[in-house]
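What follows is a short report on a single structure.
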Amino acid sequence: MYDRGLLDRPADEVAPLLLGGLLSCRSPEGTVTLRLTEVEAYSGKGGDPGSHAHRGRTARNAVMFGPSGHLYTYFTYGMHVCANVVTGADGTAGGILFRAGEVIDGTDLARRRRTTSTTEADLARGPARLCVALGIELRDYGLDLFAPESRVTLSFPAVPTEAARIATGPRTGIAGEGAPIPWRFWLKDDPTVSPYRAHAPRRRSDPARS
DNA sequence: TTAAGGATTGACT
DNA sequence: GTCAATCCTTAAT
């Protein structure tokens with residue numbers, strides 16, 4: 001059985017251990033619980049320019065530098081919320097992004113929130129969709145995911161996931177100090193894992209271009 | 001104070 | 001396959 005002390009280790013070591021773990025969110029409407037099927041690690045230390053903590057501590061990412069096991073929420077692309085769990089010892093920056101999961105409880109509520117999804121596998125396939133399905137909001141920033149009274153809670157799987165069932169892959173656009181680091185971890189052949197996309201966000205409308 | 005850009009998604013061709 | 005929406009955070013005046 002795992003315990004939260006494991007979270008003090010570097011994000012890329014902890015990430016695969018979270019696969020199969022349960023993420024749960026309570027609200028007045030009900031509770032939604034899902035099984036994590038895809039995660040992505042962010043070290044925050046040199047070598048990961050993609051990390052929000054890469055440029056040092058700021059008001060937004062402060063929680064990433066604090067004690068592990070807390071929730072880091074952020075707003076992106078003007079309309080989406082994503083959620084991470086803070087990892088690494090107090091004082092070091094690190095986090096693991098919840099990218100996808102399989103809803104195992106509160107499916108009806110999740111489906112009501114995700115009106116655009118057609119299948120159950122789509123309910124939490126993608127980091128922003130996952131937050132919508134669970135009901136995680138920006139204001140949940142900093143919650144202790146391992147405190148029983150928290151609105152949002154996380155637990156490791158009761159039994160470690162076999163290494164043979166875990167797939168890893170690098171995130172595109174990351175220039176590490178040499179060899180690329182496998183930042184992403186997912187359960188092989190799971191239908192709820194988000195399809196791989198090379199990260200190439202579009203620029204906003206360019207007035208200079210006809 | 002202002003401007004640029006993003007750990008994405010959903011709609012459309 | 002391509003592209004727009006949208007607003008918060010950050011860096012630069």
Side-chain angles (χ1 to χ4, degrees), chain A residues 10-12 14-16 18-19 23 34 36-65 70-88 93-101 103 110-142 145 154 168-176 180-186 191-210:
Chain A
D12 57 305
V14 184
L18 280 175
L19 289 174
L23 185 60
L34 59 75
L36 290 171
T37 58
E38 184 183 3
V39 296
E40 187 163 317
Y42 291 86
S43 74
K45 294 183 178 179
D48 186 5
S51 172
H52 287 173
H54 179 243
R55 295 185 184 280
R57 184 177 188 143
T58 64
R60 175 171 69 159
N61 64 27
V63 71
M64 288 183 80
F65 290 81
H70 289 249
L71 185 67
Y72 170 46
T73 55
Y74 68 90
F75 200 84
T76 190
Y77 286 93
M79 56 180 79
H80 299 302
V81 177
C82 298
N84 306 241
V85 58
V86 176
T87 65
I96 298 170
L97 172 68
F98 303 129
R99 290 197 62 90
V103 177
R111 188 180 284 281
R112 260 179 279 143
R113 288 171 171 151
R114 294 271 303 115
T115 54
T116 55
S117 78
T118 53
T119 66
E120 289 206 2
D122 269 342
L123 287 175
R125 187 168 71 168
R129 293 167 166 183
L130 180 149
C131 288
V132 172
L134 280 171
I136 292 177
E137 299 171 15
L138 208 51
R139 64 183 176 82
D140 295 316
Y141 180 96
L145 293 174
L154 172 69
T168 67
R171 209 154 54 85
T172 56
I174 296 302
I181 306 172
W183 299 103
R184 293 158 54 98
F185 302 85
W186 65 92
T192 62
V193 171
S194 57
Y196 177 77
R197 290 195 199 188
H199 180 243
R202 309 290 172 191
R203 289 173 54 120
R204 288 202 306 267
S205 56
D206 185 350
R209 209 182 47 157
S210 56

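Computed from heavy atoms alone, side chains included, the values below leave out hydrogens, waters and symmetry copies.
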Every stem of 3 or more Watson-Crick or G-U pairs under 3.5 Å that DNA chain C joins, in order of first number, is B:1-6 with C:7-12, B:8-12 with C:1-5

To the nearest Å, how far apart are A:R139 CZ and C:dC8 P?
-> 16 Å

Would you say the side-chain atoms of A:Y141 pair up with the backbone N or O of A:R60, donor to acceptor, closer than 3.5 Å?
-> yes

Quick one: do A:L130 and A:L23 satisfy side-chain contact (heavy atoms from CB on, under 4.5 Å)? Show the steps, please.
-> CA-CA 10 Å; A:L130 180 149; A:L23 185 60; 4.1 Å; yes

Separation of C:dC8 atom P from A:H80 atom NE2, nearest Å, is 14 Å

List in chain and number order the residues that pass side-chain contact (heavy atoms from CB on, under 4.5 Å) with A:C131, two or more places apart in sequence or in another chain; answer none if no residue qualifies.
-> A:V81, A:A83, A:I136

Interatomic distance where CG belongs to A:N61 and C1' belongs to C:dC8 [whole Å] = 14 Å

Nearest-angstrom distance from the residue atom OH of A:Y74 to P of C:dT10 | 13 Å

Taking only the side-chain nitrogens and oxygens of A:R114, find out if one of them lies under 4.0 Å from OP1 or OP2 of B:dT9.
-> no

State which residues pass salt bridge (charged side-chain N to carboxylate O under 4.0 Å, His left out) with A:R114; sequence neighbours excluded, sorted by chain then number.
-> none

Using a 4.0 Å heavy-atom cut-off across all strands, classify A:Y72 as base, sugar-phosphate, or nothing.
-> base

Side chain of A:R60 (C-beta onward), nearest among B:dT8, B:dA7, C:dT10 = C:dT10

I would like to know whether A:C82 and A:L97 meet side-chain contact (heavy atoms from CB on, under 4.5 Å); could you show each step before the answer?
-> CA-CA 8 Å; A:C82 298; A:L97 172 68; 3.8 Å; yes

Phosphate oxygens OP1/OP2 of B:dA7: is one of them under 4.0 Å from a side-chain N or O of A:H52?
-> yes

A:Y77 ring over C:dA5 six-membered base ring, under 5.5 Å and 30° | no

Donor-acceptor pair, A:N84 side chain versus A:Y72 backbone, under 3.5 Å?
-> yes

Closest to the 5' end of DNA chain C, once A:L138 and A:M79 are matched to their nearest nucleotides, is A:M79

Starting at CD1 of A:I96 and ending at P of B:dA7, how long is that distance when rounded to a whole Å?
-> 18 Å

All N/O pairs under 3.5 Å across the protein-nucleotides 11-13 of chain C interface:
none

For side-chain contact (heavy atoms from CB on, under 4.5 Å), just list the numbers for A:L123 and A:R111, CA-CA rounded to whole Å, side-chain angles, deciding distance to a tenth of an Å, and then say yes or no.
-> CA-CA 7 Å; A:L123 287 175; A:R111 188 180 284 281; 4.3 Å; yes

Quick one: A:R129 CZ to B:dA7 P, roughly how many Å, whole number?
-> 18 Å

By side-chain contact (heavy atoms from CB on, under 4.5 Å), A:R55 pairs with (sequence neighbours left out) none

Which nucleotide in B:dG10, C:dC8, B:dA7 has an atom nearest any side-chain atom of A:N84 | B:dA7

Is any side-chain nitrogen or oxygen of A:T76 closer than 4.0 Å to OP1 or OP2 of B:dA7?
-> no

Heavy-atom distance under 4.5 Å between the side chains of A:L154 and A:L18, does that happen here?
-> yes

Quick one: A:E38 CD to B:dA7 P, roughly how many Å, whole number?
-> 16 Å

For A:M64 and C:dT9, what is the distance between atoms CE and P respectively, to the nearest whole Å?
-> 15 Å

Who passes salt bridge (charged side-chain N to carboxylate O under 4.0 Å, His left out) against A:D140, sequence neighbours left out?
-> A:R151

